[in-house]
Amino acid sequence: LNSVVIVGAGQAGFQVASSLRQDGYAGRITIVGDEPGVPYQRPPLSKAYLLGKIGAHALRFRPPEYFDEHRIDRLHDSVIAIDRAHRCVRLTSGTSVEYDHLVLAMGARNRVPAVPGVELDGVFGLRTLADTDALSPRLGSIENAVVVGAGFIGLEFAAVAAAKGIKVHVLEIADRPMARALSRPMSELFAQAHRGWGVTLDLQQGLVRIVGKSGKVTGVETSDGRHLQADLVVYGIGVLPNAELAVAAGLDVANGIRVNELLQTSDPAISAIGDVASFTSPYANTPIRLESVQNAVDQARSVAARLMGKPVPYAALPWFWTDQGELKLQIAGLSDGHDETVLLGSPESRQMSVLCFRQGRLIAVESVNRPVDHMSSRKILGRAVTLTPAQAAEPGFDLKAYEL
Ligand code: FAD
């Protein structure tokens with residue numbers, strides 16, 4: 001293996017380059033990334049960085065020198081085609097780069113609400129450093145923000161904006177926040193917390209249009225016909241995997257680039273990892289695509305290990321976190337299809353874990369401000385679990401003690 005080419009310089013792309021060097025790979029590494037600057041992490045874009053608690057330098061995975069020292073070539077360019085027959089990628093600049101192995105780590109992009117007015121000045125998605133840098137100066141001078149979508153990113157933004165004294169109105173089609181990923185009791189704890197911070201949560205409510213004056217947003221119209229004033233609209237209604245290159249190259253794609261348990265695409269000379277990859281997991285019944293740092297990092301490490309001659313089927317436990325106000329939520333496992341929950345702690349204390357069971361088997365643990373529970377549940381879920389709902393519901397039950 002003399003040349004590994006990585007498309008996308010985000011969490012997954014950076015990690016695969018870094019892990020390859022750590023694992024002793026001595027050949028060429030080229031990362032092609034279409035965003036300017038040094039590769040950076042996204043989570044703080046809607047948290048500490050948006051709040052102004054950390055600067056842009058703190059977002060970087062490594063300083064620029066790291067890439068030279070580790071002979072990782074960075075090309076600020078866009079891959080426009082994969083030529084599988086000649087094993088090379090073609091770039092916007094007209095050049096092409098040859099690979100022995102290609103890693104696709106193009107991530108995902110925001111879904112944009114399909115409503116009139118979305119192009120108005122003052123309407124933002126939140127995905128890149130450029131998005132946050134365009135958005136954050138506005139926070140000092142606005143009164144009313146409308147957030148479209150009560151998912152993780154929308155609510156992280158809502159918590160920051162509320163902390164800055166902005167009136168925040170969240171529109172959400174589902175009947176509870178973060179419904180796609182969280183159990184009902186945890187959703188409810190977050191709904192109450194947001195209301196306590198002064199955020200209006202408008203559930204089972206859609207967005208019909210965004211309205212403006214002289215090109216600038218002034219408000220939105222809701223599905224029940226109300227007009228809400230807004231000098232800023234932020235949407236967070238999910239993402240679409242950047243899988244078009246793979247489709248054009250004839251690789252299998254279905255809600256992301258399909259990979260086998262070794263994270264190889266339908267062409268074994270090409271791997272796909274991170275937000276763009278659709279994979280099978282021992283923690284899910286159907287192929288899944290996860291949008292998390294854990295998934296990007298663990299998949300990158302797995303591909304690096306395979307390329308260095310140590311293939312292991314990918315089976316990492318999914319975990320995730322979100323910070324909203326003083327609430328730090330950590331999730332271990334995937335709660336899809338759970339049919340029973342047991343609570344440790346209480347919503348009132350703002351320290352609570354929800355143990356999610358499916359057919360009597362523990363499949364996920366959501367912990368808010370209970371980091372010890374989270375670490376214990378990662379250990380417990382990572383091995384064959386025998387914990388029953390009845391055991392978990394016993395007074396004084398302690399996950400940490402169970403872990404031993
Ligand atoms: P990305 O990080 O999106 O990187 C993909 C890169 O590829 C991008 O730079 C893209 O521009 C580039 N690219 C795409 N196509 C091409 C092309 N043709 N040529 C060249 N370059 C290309 N996860 C958590 O676990 N916890 C959190 O708290 C959390 N918070 C988040 C907050 C925000 C605001 C966002 C946006 C995400 C958050 N995430 C969080 C999710 C996490 O950041 C992503 O799952 C992770 O970044 C995925 O890594 P990736 O490398 O697959 O994709």
Side-chain angles (χ1 to χ4, degrees), residues 5-18 30-50 59 61 74-82 89-93 97 102-111 124-133 135-136 149 151-157 159-160 178 181 234-236 238-249 256-257 259 263 271-279 289-300 303 318-324 327-332:
V5 173
I6 301 162
V7 190
Q11 187 88 48
F14 164 76
Q15 186 65 49
V16 79
S18 168
T30 311
I31 309 188
V32 188
D34 59 7
E35 287 187 74
V38 182
Y40 65 93
Q41 46 171 326
R42 301 189 192 283
L45 297 180
S46 48
K47 307 180 185 74
Y49 182 69
L50 188 63
L59 299 177
F61 295 118
R74 291 195 292 125
L75 299 181
H76 177 205
D77 208 328
S78 208
V79 172
I80 50 169
I82 303 167
V89 292
R90 304 198 188 285
L91 314 184
T92 306
S93 58
V97 189
L102 179 66
V103 181
L104 301 180
M106 288 91 76
R109 60 181 177 278
N110 284 326
R111 270 184 61 206
F124 292 90
L126 232 175
R127 177 83 198 173
T128 63
L129 180 58
D131 290 337
T132 303
D133 285 344
L135 166 65
S136 68
F152 292 115
I153 291 174
L155 288 188
E156 287 174 0
F157 171 79
V160 169
M178 300 176 283
V234 174
Y235 57 86
V239 298
L240 299 168
N242 291 323
E244 289 78 2
L245 278 178
V247 174
I257 305 170
V259 291
L263 308 176
S271 304
I273 55 175
D275 283 12
V276 79
S278 164
F279 64 103
R289 204 174 53 71
L290 292 179
E291 296 149 21
S292 73
V293 168
Q294 171 278 322
N295 181 64
V297 169
D298 286 343
Q299 292 194 335
V303 166
W319 56 266
F320 184 78
W321 81 94
T322 173
D323 300 333
Q324 297 170 30
L327 301 180
K328 184 174 181 75
L329 173 68
Q330 295 166 293
I331 307 171

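Reckoned from all heavy atoms, side chains included, excluding hydrogens, waters and symmetry mates. Start at 1 and go down the list; that is how both ligands and their atoms are numbered.
Here Arg127 pairs with Asp275 in a salt bridge; the nearest charged N to carboxylate O distance falls below 4.0 Å.
Considering each of Tyr49, Phe320, Phe14, the one bringing a non-hydrogen atom nearest atom 23 (N) of ligand 1 is Phe320. With distances taken over non-hydrogen atoms, the option nearest atom 11 (O) of ligand 1 out of Val297, Ile6, Thr322, Asp34 is Asp34. Among Glu156, Arg127, Glu244, Gln11, the residue whose heavy atom lies nearest to atom 3 (O) of ligand 1 is Arg127. Scanning Pro43, Ala300, Ala12, Ala108 for the heavy atom closest to atom 39 (N) of ligand 1 points to Pro43. For the residues Thr128, Val79, Leu50, the heavy atom positioned nearest atom 17 (C) of ligand 1 is part of Val79.
Scanning the protein for heavy atoms near atom 41 (C) of ligand 1, the closest one is Glu291 O, 4.0 Å. Counting only heavy atoms of the protein, atom 43 (O) of ligand 1 lies nearest to Arg42 CB, 3.5 Å. At the top of the distance list for atom 53 (O) of ligand 1, counting protein heavy atoms only, stands Gly107 CA, 3.2 Å. From the protein, the heavy atom lying nearest to atom 35 (C) of ligand 1 is Ile153 CD1, 3.5 Å. At the top of the distance list for atom 14 (C) of ligand 1, counting protein heavy atoms only, stands Met106 O, 3.2 Å. For atom 26 (N) of ligand 1, the nearest non-hydrogen atom of the protein is Trp321 O, 3.3 Å. When hydrogens are left out, the protein atom nearest atom 52 (O) of ligand 1 is Asp275 N, 2.9 Å; that is the closest non-hydrogen contact. With respect to atom 34 (C) of ligand 1, the closest heavy atom belonging to the protein is Ser46 OG, 3.4 Å.
Those atoms of ligand 1 with a heavy atom of Ala105 less than 4.0 angstrom away are 5 (C), 6 (C), 7 (O). Of all atoms in ligand 1, listed by their number and element, those nearer than 4.0 Å to a heavy atom of Ser292 are 23 (N), 25 (O), 45 (O).
The shortest separation from a heavy atom of Val7 to ligand 1 is under 4.0 Å, placing the residue in contact. Under a 4.0 angstrom heavy-atom cut-off, Thr132 registers as lying outside contact with ligand 1. For Lys47, the heavy-atom gap to ligand 1 drops under 4.0 angstrom.
The two residues Gln324 and Leu155 have their closest heavy-atom pair at OE1-CB, 3.4 Å. Residue Gln294 comes nearest to Pro318 through the heavy atom pair OE1-CA, 3.4 Å, listed as atom of the first residue, atom of the second, then distance. When all heavy atoms of Ala296 and Gln11 are compared, the pair lying nearest together is CB-CG, 3.7 Å. A pairwise comparison of heavy atoms in Val32 and Asp77 identifies CG1-O, 3.4 Å as the closest pair.
Classified by interplanar angle (parallel below 30°, tilted 30° to 60°, perpendicular above 60°), the ring pair Phe320/Phe152 is tilted.
You'll find the side chain of Val103 stays beyond 4.5 Å of the side chain of Val5, heavy atoms only.
Annotation for Arg109: atom CZ counts as buried by contact number, over 12 foreign heavy atoms lying within 6.0 Å.
Counting heavy atoms closer than 4.0 Å to ligand 1, residue Leu245 contributes side-chain atoms (C-beta onward) but none from N, CA, C or O.
Of the possible donor and acceptor atoms, one in the side chain of Gln299 sits under 3.5 Å from a partner among the backbone N and O of Gly274.
Geometrically, ligand 1 and Val293 share a nitrogen or oxygen pair separated by less than 3.5 Å. Considering backbone and side-chain atoms together, Trp319 places no N or O closer than 3.5 Å to any N or O of ligand 1.
Residue Leu129 holds its CG atom at 5.0 Å from OH of Tyr49, rounded to the nearest 0.5 Å.
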